[in-house]
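Some notes on the structure that comes next.
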Amino acid sequence: MPSASQTPPEPGMPDPAARRLAMAQAGQASPAELRAALAQAGITPEAEDLRPAETGLVMVRGRIGGDGRPFNAGEATVTRAAVRLPGGETGFAYHLGRDRDRARLAAILDAHWQRPEARPALDSALAAIAARRAEAARQAARKAAATRVNFFTLARGED
Amino acid sequence: MYVAVKGGEAAIDNAHRLLAEIRRGDPAVPDLTVAQIREQMRLLVDRVMTEGSLYDPDLAALALKQARGDVVEAVFLVRAYRTTLPRFGATEALDTGAMTLARRISATFKDLPGGQVLGPTFDYTHRLVDFALAAGAVPGPAAEAEPEADAAACPRVTDLLGQAGLLEPSPPDDGAPVGDLTREPVDYPADRAVRLQGLARGDEGFILALGYSTQRGYGRNHPFVGEIRVGTVELDFTPEELGFPVSLGTVDMTECQMINQFHGHGAVPPQFTRGYGLVFGQGERKAMAMALVDRSLRAAELGEAVVVPAQDQEFVLAHCDSLQATGFVEHMKLPHYVDFQAELDLVRRLRAEHAARTAEPDEPTLREAAE
């Protein structure tokens with residue numbers, strides 16, 4: 001297996017936090033959503049494989065008592081992909097699950113996201129996907145809130 | 001004498017073909033899809049993920065379909081699958097305090113920030129069989145309410161009590177390597193991290209029974225449910241080639257904080273002790289039982305006598321894994337012709353000797369009579 005090269009720190013690189021956010025948003029998207037996001041930015045999902053998409057494991061770490069020493073809680077399947085564009089940009093994806101197609105699309109998106117000219121279109125497509133996810137989360141939070149217990153004290157006799 | 005035999009290949013092939021047909025059941029009944037199992041048998045899927053020690057709902061659902069719903073067989077399939085995959089590394093330790101909560105209750109504190117949120121629970125149901133489900137009843141929509149202002153940040157109950165010093169703090173993260181029983185055999189006494197890993201993947205029935213035994217007096221440790229929380233947490237992982245953490249996505253988890261009888265000695269004023277449980281998916285019973293057994297396995301550390309099974313690390317950890325247990329129990333149905341023939345031979349010889357011995361006292365008489 002060819003090992004993926006370290007991403008070189010380039011001048012004019014975007015805020016790493018912004019890239020992390022874009023990668024996280026892409027990770028929440030379905031393959032259809034990723035294809036649509038790429039199409040919206042006028043990108044054909046083609047790239048050279050730096051490393052073919054592959055499924056493996058990560059060990060999920062918990063903490064004793066929730067906040068103490070780490071322990072191994074169990075593993076999870078993860079699929080990763082690494083691609084390179086003709087311009088040299090490299091894109092990566094690591095997602096829970098076994099969907100290689102999805103990981104490869106997200107890696108292509110990550111690579112193109114690093115091209116300043118593609119970024120705004122991709123950011124707006126990812127923001128729309130994230131907004132749909134947020135709406136679903138808001139709905140779930142409202143349903144959970146309806147099951148919150150409201151205690152009341154029963155009035156007692158004399159006073 | 002033993003003669004080596006070979007055979008059964010055709011019988012085995014045909015048995016597996018028969019299994020496939022029987023697995024499908026009545027062809028007039030629609031085939032069960034993996035998505036249906038994942039969505040509608042979710043607690044079973046969660047149990048297979050927890051005991052299979054692999055978070056992958058689709059894989060666990062498929063394993064259940066292949067195993068005809070046999071949990072231990074499904075766990076076997078999941079564990080076998082994981083051995084075919086490379087491990088990319090370990091996640092950053094997940095933060096259950098930042099969990100998006102589907103459910104959160106405390107049996108010790110009525111009023112706590114974030115409140116008591118029941119979520120989807122069997123608690124308080126009447127346990128009457130609902131025949132409407134068999135008739136294909138479609139449920140009405142769930143009720144909705146505007147979340148209260150404090151719902152966004154729900155501190156763990158143990159964090160609140162810990163601040164007052166009433167509760168022992170969690171063992172601090174000293175950056176030491178984290179033991180992994182899938183990589184190194186367990187050495188006894190095992191540290192708490194390894195014990196928790198073993199308990200998390202242990203059989204729910206076994207851990208439940210041990211937890212129950214502590215409540216019934218076999219190593220009583222006076223537990224209260226400080227908190228149970230069920231919800232989704234984000235997993236972060238730092239790939240070597242990137243050097244910064246990326247979000248892998250979210251997983252469903254259940255956490256149980258058990259608050260137990262207090263201890264104090266010398267320099268330490270009396271404070272409650274703790275047991276901890278953490279499992280994949282919604283698995284409250286397992287998380288609670290795990291927390292009970294985690295606490296009882298801390299007996300030696302807390303200066304308690306180790307006298308009952310639930311306090312005995314080796315007894316618990318060496319026997320809680322359903323796959324190991326079933327492997328040793330079920331291997332006995334495989335051919336043991338050679339072993340048994342050897343035993344048979346021995347018993348025959350001993351019987352002959354026994355017969356000869358019991359016959360001996362009479363022998364002189366017999367001989368005399370014959371003479």
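Naming convention: chains lettered A, B, ... in sequence-line order (proteins, then strands); numbering from 1 in each chain.
Between A:R69 and B:D191 there is a salt bridge, since at least one side-chain N of the basic residue sits less than 4.0 Å from a carboxylate O of the acidic one. At a threshold of 4.0 Å, the pair A:R98-B:D58 does not count as salt-bridged, since none of the basic side-chain nitrogens sits closer than that to a carboxylate oxygen. At a threshold of 4.0 Å, the pair A:R148-B:E148 counts as salt-bridged, since one of the basic side-chain nitrogens sits closer than that to a carboxylate oxygen.
Only the side chain of B:L278 comes within less than 4.5 Å of a heavy atom in chain A; its backbone stays farther off. Contact annotation for B:P171: both backbone and side-chain heavy atoms come within less than 4.5 Å of a heavy atom of chain A. There is no contact between B:R201 and chain A, counting heavy-atom distances below 4.5 Å. For a residue to count as touching a neighbouring chain, one of its non-hydrogen atoms must lie under 4.5 Å from one of that chain's; by this rule B:L54 touches chain A with backbone and side chain alike. Both the backbone and the side chain of B:P245 come within less than 4.5 Å of a heavy atom in chain A. With a 4.5 angstrom heavy-atom cutoff, B:A102 touches chain A only via backbone atoms. Heavy atoms of B:A193 lying under 4.5 Å from chain A belong to its backbone as well as its side chain. B:L199 does not touch chain A: none of its heavy atoms, backbone or side chain, sits under 4.5 Å away. Heavy atoms of B:F88 lying under 4.5 Å from chain A belong to its backbone as well as its side chain. At a 4.5 Å heavy-atom cutoff, the contact between B:R87 and chain A is made by backbone and side-chain atoms alike. For A:A141, the parts lying under 4.5 angstrom from a heavy atom of chain B are both the backbone and the side chain. For A:F151, the part sitting under 4.5 Å from any heavy atom of chain B is the side chain, from C-beta outward, and nothing else. Proximity to chain A (any heavy atom under 4.5 Å) is shown, for B:Q116, by both the backbone and the side chain.
Considering only heavy-atom pairs separated by less than 4.5 Å from chain B, the leading option among A:A137, A:A76, A:G97, A:G62 is A:A76. For the set A:Q28, A:R63, A:H95, A:M23, the count of heavy-atom pairs under 4.5 angstrom toward chain B peaks at A:R63. Note: A:R142 leads A:K143, A:R138, A:R142 in heavy-atom pairs under 4.5 Å with chain B. Taking A:G68, A:G56, A:G74 one by one and counting their heavy-atom pairs under 4.5 Å with chain B, the maximum is reached by A:G56.
Rounding to the nearest 0.5 Å gives a distance of 12.0 Å between CG of B:L248 and CZ of A:R80.
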field: CA sep, side-chain torsions, deciding dist, call: B:Q197, A:M59, side-chain contact (heavy atoms from CB on, under 4.5 Å)
entry: CA-CA 11 Å; B:Q197 183 183 12; A:M59 178 53 90; 3.7 Å; yes

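Using cut-offs of 30° and 60° for the angle between ring planes, the A:F71 and B:Y276 rings count as perpendicular.
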